[in-house]
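Comments concern the structure below.
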Amino acid sequence: MPAFRSVSVRSGSVGTAHWAWVSLPSMDARNIDALRSSLLAGNHRALARAISLVEAGTDAGQELLRSVRERTGQALVVGVTGSPGAGKSTLVDALIAEWRQRGQRVGVVAIDPTSPFSGGAILGDRIRMTRWHSDAGVFIRSMATRGHLGGLAAATLQVVALLDAVGFDLVLVETVGVGQSEVDVVKAADTTVVVLTPGQGDGVQAFKAGIMEIADVFCINKYAQPGADRLRREVAGALELGMYDDQTWFAPIVGTVATKGEGVPELVDKVHAHQEHVGLPGRAESRRARVRAEVTATLGEQLRRVLATSEEQAVDAVLTGAATPAEVVDGLLRQLAISES
Ligand SMILES: Nc1nc2c(ncn2[C@@H]2O[C@H](COP(=O)(O)OP(=O)(O)OP(=O)(O)O)[C@@H](O)[C@H]2O)c(=O)[nH]1
Ligand SMILES: [Mg+2]
């Protein structure tokens, strides 16, 4: 067998195929091609497998991504973020229903649907997901928050890229929006929906967390609950404080009751209105921003990894005057270059 393989490499495998054969012990180039074909043909099992390969940070996953990357940029990527229990998953489910009615295919990536704050969310999410099982126009994937070689943000953006490449018209990304990596992900959406709820001082908290700046559309969910109008006035008031010119997009505020689907068609309309506002240049820019975020996140993760093993040494070196922070960083980068080659 090894002899046969080495002959086949010598006799014709060139470029990336040769490389792939050498560095992919578990999956050779032919298998990757087969997987690529069936995922591009719309096979959900193949898509799930491809996502797992990407999530696990395997070479095969990376190779697949590379091979479909030029197909990205067609999907409208919509970030849905807001505090735990705000109703994001319920809203995403209602958004799927609305966009399906409009004839669109919808892919969903949810980061950690299991917040400790809203009991029963896991079960609720499961039920919601199975509702779409028989619909080939819907694909839903939850991302674990841990265990990604290249970090959560990069892994999530890569799954978004896969869903985009295989032809979903919409890719929805649900995140709680806490932590830098989650913010990085929603910032890289084409349109970002920030979900607020009345009666929790939610508006004020969101202003503090700096999440308001990333909103293209505000959704006040659980709109039937007391305090909804007040929250709307608070948000509108805060928006008026900003600096604007005549090109500025005013983030509209939409009230919804996600459990009943109320307000959801209007929310979808506002997402499309935002896209009309930014136009093709805006769309191209956010596609670039996604890749930029992916690269930056990957870099950050690698640096953190190198730093984790040498951090105390680095601190000692600076403390004792043996090195400046700049020299320490220089050394770390060199270490990174060696470990990667
Ligand atoms: N009354 C009311 N309840 C809602 C509405 N939308 C969602 N809920 C309920 O709020 C709870 C939390 O909903 P989820 O959709 O799981 O919220 P989430 O923001 O995804 O929660 P995490 O992912 O855990 O952060 C569930 O019990 C929902 O049924 C709404 O518009 N009105
Ligand atoms: Mg959720």
Side-chain angles (χ1 to χ4, degrees), residues 15-36 38-40 43-72 77 107-114 139-166 171 173-175 179-189 287 289-311 332-333 335-341:
T16 55
H18 176 229
W19 176 85
W21 177 77
V22 170
S23 63
L24 301 174
S26 59
M27 200 172 199
D28 63 25
R30 221 179 38 208
N31 285 340
I32 294 177
D33 271 352
L35 183 57
R36 178 177 188 271
S38 51
L39 82 96
L40 289 179
N43 182 323
H44 281 197
R45 286 174 67 116
L47 180 55
R49 169 120 177 86
I51 290 176
S52 296
L53 290 171
V54 166
E55 261 211 282
T58 63
D59 288 348
Q62 294 302 304
E63 200 50 41
L64 259 180
L65 253 180
R66 185 216 304 277
S67 73
V68 300
R69 186 72 77 167
E70 64 180 5
R71 292 172 175 263
T72 61
V77 180
V108 177
V109 189
I111 300 180
D112 191 20
T114 60
F139 183 91
I140 304 176
R141 178 73 170 218
S142 295
M143 301 283 290
T145 46
R146 283 174 214 285
H148 303 288
L149 208 60
L152 174 64
T156 305
L157 290 167
Q158 288 172 353
V159 173
V160 168
L162 266 186
L163 294 175
D164 180 354
V166 302
V171 177
V173 187
E174 176 193 339
T175 101
Q180 194 55 48
S181 59
E182 293 206 11
V183 173
D184 289 346
V185 169
V186 273
K187 260 171 46 184
R287 182 186 180 212
R290 271 196 292 285
V291 174
R292 199 178 296 122
E294 198 184 315
V295 172
T296 310
T298 306
L299 175 67
E301 190 65 20
Q302 298 284 34
L303 285 177
R304 262 191 299 280
R305 190 160 298 142
V306 172
L307 191 60
T309 57
S310 342
E311 191 172 8
L332 289 173
L333 288 176
Q335 213 176 308
L336 189 64
I338 292 165
S339 75
E340 289 299 295
S341 60

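Below, each value reflects all heavy atoms present in this structure, side chains not excepted, and no hydrogens, waters or symmetry copies. Fair warning: this is a prediction, and the values are worked out from it, not measured in the lab.
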Hey, what do you get for [atom1] ([X]) to [atom2] ([Y]), rounding to the nearest 0.5 Å?
X	Y	atom1	atom2	result
Glu63	Asn31	CD	CG	13.0 Å
His44	Leu39	NE2	CG	10.5 Å
Glu174	Ile140	CD	CD1	10.0 Å
Leu64	Gln62	CG	CD	9.5 Å

| Does the side-chain contact (heavy atoms from CB on, under 4.5 Å) test come out yes or no for Arg71 and Leu40, once each step is laid out? | CA-CA 10 Å; Arg71 292 172 175 263; Leu40 289 179; 3.6 Å; yes
Of all heavy-atom pairs between [X] and [Y], which one has the smallest distance, and what is that distance?
X	Y	answer
Ala154	Thr298	CB-OG1, 3.6 Å
Arg287	Glu70	NH2-O, 4.1 Å
Ala153	Ala297	CB-CB, 3.9 Å
Val54	Gly61	CG2-O, 3.6 Å

| request: Take Glu301 and Arg305 through the salt bridge (Lys or Arg N to Asp or Glu O under 4.0 Å) test and state the conclusion after the steps. | output: CA-CA 6 Å; Glu301 190 65 20; Arg305 190 160 298 142; 3.7 Å; yes
| field | Working for side-chain contact (heavy atoms from CB on, under 4.5 Å), residues Leu162 and Phe139 | value | CA-CA 12 Å; Leu162 266 186; Phe139 183 91; over 6 Å; no
| request: Quick one: list whatever passes side chain to side chain contact (heavy atoms under 4.5 Å, CB included) with Leu307, sequence neighbours left out. | output: Glu311, Leu332
| Quick check: does any side chain N or O of Ser38 sit under 3.5 Å from a backbone N or O of Ala34, one acting as donor and the other as acceptor? | yes
| Heavy-atom donor-acceptor pair, Arg290 side chain to Leu157 backbone, under 3.5 Å |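 No: the side chain of Arg290 does not pair with the backbone of Leu157.
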| message | Checking side-chain contact (heavy atoms from CB on, under 4.5 Å) between Val173 and each of Val108, Val159, Leu163, Val77, which is the one that passes? | response | Val77
| field | Flag side-chain contact, heavy atom, 4.5 Å: Leu53 against Leu35 | value |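 They are in contact (side-chain heavy atoms under 4.5 Å apart), so the answer is yes.
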| If you measure only the distance, is there a donor-acceptor pair under 3.5 Å linking the side chains of Arg141 and Thr156? |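 Not at all, the side chains of Arg141 and Thr156 share no donor-acceptor pair under 3.5 Å.
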| message | If the condition is salt bridge (charged side-chain N to carboxylate O under 4.0 Å, His left out), which residues does Arg292 pass it with, not counting sequence neighbours? | response | Glu285
